[in-house]
Amino acid sequence: MPAVRPVVGIIGNMNFINDYPVHAGGLSNSAAVAEVAQCLPLLIPSDPRFVSVDELLEVCDGFLLTGGRPNVHPEEYGEAATEAHGAFDRSRDAITLPLVRACVELGQPFLGICRGFQEVNVAFGGTLHPEIRDLPGRMNHRMPPDGTLEEKFALRHAVRFAEGSPFHHLFGAEEVMTNTLHGQGVKTPGQRIEIAGWAPDGTPEALYVRDAPGFTLSVQWHPEWNAANDPVSRPLFEAFGDAARAFAAGRA
């Protein structure tokens with residue numbers, strides 16, 4: 001009988017299909033979790049009306065904090081909302097921010113992607129820029145408005161890692177090429193947040209939680225795209241899957 005795979009909760013996003021409200025998750029997220037991390041993907045309806053942090057911690061062995069169009073509400077880091085901050089998903093905020101803090105305390109692994117990367121920073125008291133491209137000297141990190149999905153997720157800039165950081169060790173390189181599809185970015189790092197990777201314009205692109213007992217690697221780009229074949233995405237998801245297996249075995 002085959003062994004049961006560790007369960008990875010994939011944070012879902014509130015969306016609408018023909019005006020019908022749904023909790024959605026990208027196919028590439030599930031593919032990366034199932035085919036590269038070798039875990040069981042479980043889509044989470046990220047709303048405190050339906051799930052609690054305690055229940056999620058009990059059911060899942062790790063979490064994928066996905067990207068999403070809505071942004072973390074600036075009230076979560078002590079700022080007023082403006083038009084530049086875009087759309088929000090307060091229900092997701094209410095689940096993911098305490099979930100991140102609980103995972104760090106328990107040593108339960110998570111992998112943060114794009115919005116998820118920003119959530120990890122905000123969960124520990126960090127702040128965000130509402131629009132990176134409006135800052136002096138910064139490039140436009142947003143998704144190209146036109147083209148195929150392959151063109152939109154194409155590798156667009158380098159990310160340089162701090163020497164000796166977990167990312168440097170994981171990839172065996174101080175610099176890799178990544179895609180970029182985000183408008184917001186880290187302004188000030190939160191407590192215990194270690195920025196360990198930067199785009200050429202200085203935008204933070206990789207972080208982890210200092211002195212955390214579990215896997216907390218988070219990235220501003222989208223490694224779930226073509227994860228099985230990308231030389232940067234594959235080791236990241238493989239390491240995340242190993243962490244979820246170790247956590248599942250530890251509590252079994």
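Numbering starts at 1 and runs along the sequence shown.
Note that NE2 of His129 is 8.0 Å distant from OG1 of Thr203, once rounded to the nearest 0.5 Å. For the atom pair CZ (Arg192) and CG (Asp211), the distance works out to 6.0 Å, reported to the nearest 0.5 Å. Going from atom CG of Asn226 over to atom CG of Asn179 covers 10.0 Å, rounded to the nearest 0.5 Å. Between Gln184 atom CD and Leu128 atom CG the span is 5.5 Å, to the nearest 0.5 Å. Taken to the nearest 0.5 Å, the CG atom of Leu27 stands 9.5 Å off from the CH2 atom of Trp225. Note that the OG1 atom of Thr96 and the CD1 atom of Ile11 stand 6.5 Å from one another [nearest 0.5 Å].
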Checklist entry - For Glu205 and Arg160, what are the C-alpha separation, side-chain angles and deciding distance, and is it a salt bridge (charged side-chain N to carboxylate O under 4.0 Å, His left out)? => result CA-CA 9 Å; Glu205 292 278 343; Arg160 174 181 54 83; over 6 Å; no
Checklist entry - Between Asp47 and Met14, does a side chain to side chain contact (heavy atoms under 4.5 Å, CB included) hold up when you go through it step by step? => result CA-CA 9 Å; Asp47 188 318; Met14 182 63 188; over 6 Å; no
Checklist entry - Can you check side chain to side chain contact (heavy atoms under 4.5 Å, CB included) on Phe63 and Leu56, steps first, answer last? => result CA-CA 9 Å; Phe63 297 93; Leu56 295 176; 3.9 Å; yes
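Of the possible donor and acceptor atoms, one in the side chain of Glu151 sits under 3.5 Å from a partner among the backbone N and O of Thr148. Side chain of His169 to main chain of Gly164: a donor-acceptor pair is present (N/O by atom type, distance under 3.5 Å, no hydrogens or angles). In terms of modelled atom types and a separation under 3.5 Å, the side chain of Asp230 and the main chain of Val232 share a donor-acceptor contact. Between the side chain of Ser218 and the main chain of Thr216, a donor-acceptor pair closer than 3.5 Å is present. Judged by distance alone, the side chain of His85 and the main-chain N or O of Thr82 form a donor-acceptor pair under 3.5 Å. Between the Arg142 side chain and the Leu181 main chain, no donor and acceptor come within less than 3.5 Å of each other. Side-chain atoms of Ser233 do not come within 3.5 Å of backbone N or O of Ala227 as any donor-acceptor pair. Checking side-chain atoms of Gln220 against main-chain N and O of Gly197 turns up no donor-acceptor pair under 3.5 Å. Although no hydrogens or angles enter the test, the distance criterion places no donor-acceptor pair under 3.5 Å between the side chain of Gln118 and the main chain of Val72.
Taking the side chain as every heavy atom from C-beta outward, Asp89 and Arg115 approach each other to under 4.5 Å. Taking the side chain as every heavy atom from C-beta outward, Val122 and Val100 never approach each other to under 4.5 Å. Side-chain atoms of Pro70 and Arg90, non-hydrogen and from C-beta on, never get closer than 4.5 Å to each other. Side chains of His182 and Trp221 form no contact here, defined as non-hydrogen atoms less than 4.5 Å apart. At least one side-chain heavy atom of Asp61 sits less than 4.5 Å from a side-chain heavy atom of Arg251. You'll find the side chain of Ile95 stays beyond 4.5 Å of the side chain of Ser91, heavy atoms only. Looking at heavy atoms from C-beta onward, Val159 lies out of side-chain contact with Phe167 at the 4.5 angstrom threshold. Between Asn121 and Tyr77 there is no side-chain heavy-atom pair separated by less than 4.5 Å.
Transitive grouping of hydrophobic side chains (ILVMFWY, heavy atoms separated by less than 4.5 Å) keeps Val33 and Leu57 in distinct clusters. No continuous path of hydrophobic side-chain contacts links Val51 to Val59 [ILVMFWY only; heavy atoms under 4.5 Å]. The same ILVMFWY cluster, assembled from side-chain heavy atoms under 4.5 Å apart, contains both Ile10 and Phe215. Under the 4.5 Å side-chain contact rule for hydrophobic residues, Val186 and Ile193 share a cluster. Clustering ILVMFWY residues whenever any of their side-chain heavy atoms sit less than 4.5 angstrom apart, transitively, puts Ile195 in a cluster other than the one holding Tyr208.
Between the side chains of Glu238 and Gln38, no donor-acceptor pair of N or O atoms lies under 3.5 Å.
Gln191 CD: 12 or fewer foreign heavy atoms inside a 6.0 Å radius.
Minimum interatomic distance between Gly202 and Trp198 (heavy atoms only, all atoms of both residues): O-CD1, 3.6 Å. The minimum heavy-atom distance linking Leu65 with Phe110 is given by the pair CD1-CD1, 3.9 Å. Across all non-hydrogen atoms, the minimal contact from Asp201 to Met139 is OD2-N, 2.9 Å. Minimum heavy-atom separation, Pro213 to Glu105: CG-O, 4.4 Å. Nearest heavy-atom pair, Phe240 versus Gly62, reported as atom, atom and distance to 0.1 Å: CZ-C, 4.4 Å. When all heavy atoms of His168 and Phe161 are compared, the closest pair comes out as N-CB, 4.3 Å.
Among Arg92, Glu119, His222, the single residue meeting the side chain to side chain donor-acceptor pair (under 3.5 Å) criterion with Thr66 is Arg92.
Below 30°, between 30° and 60°, or above 60°: for His73 and Phe88 the angle between ring planes is between 30° and 60°, a tilted geometry.
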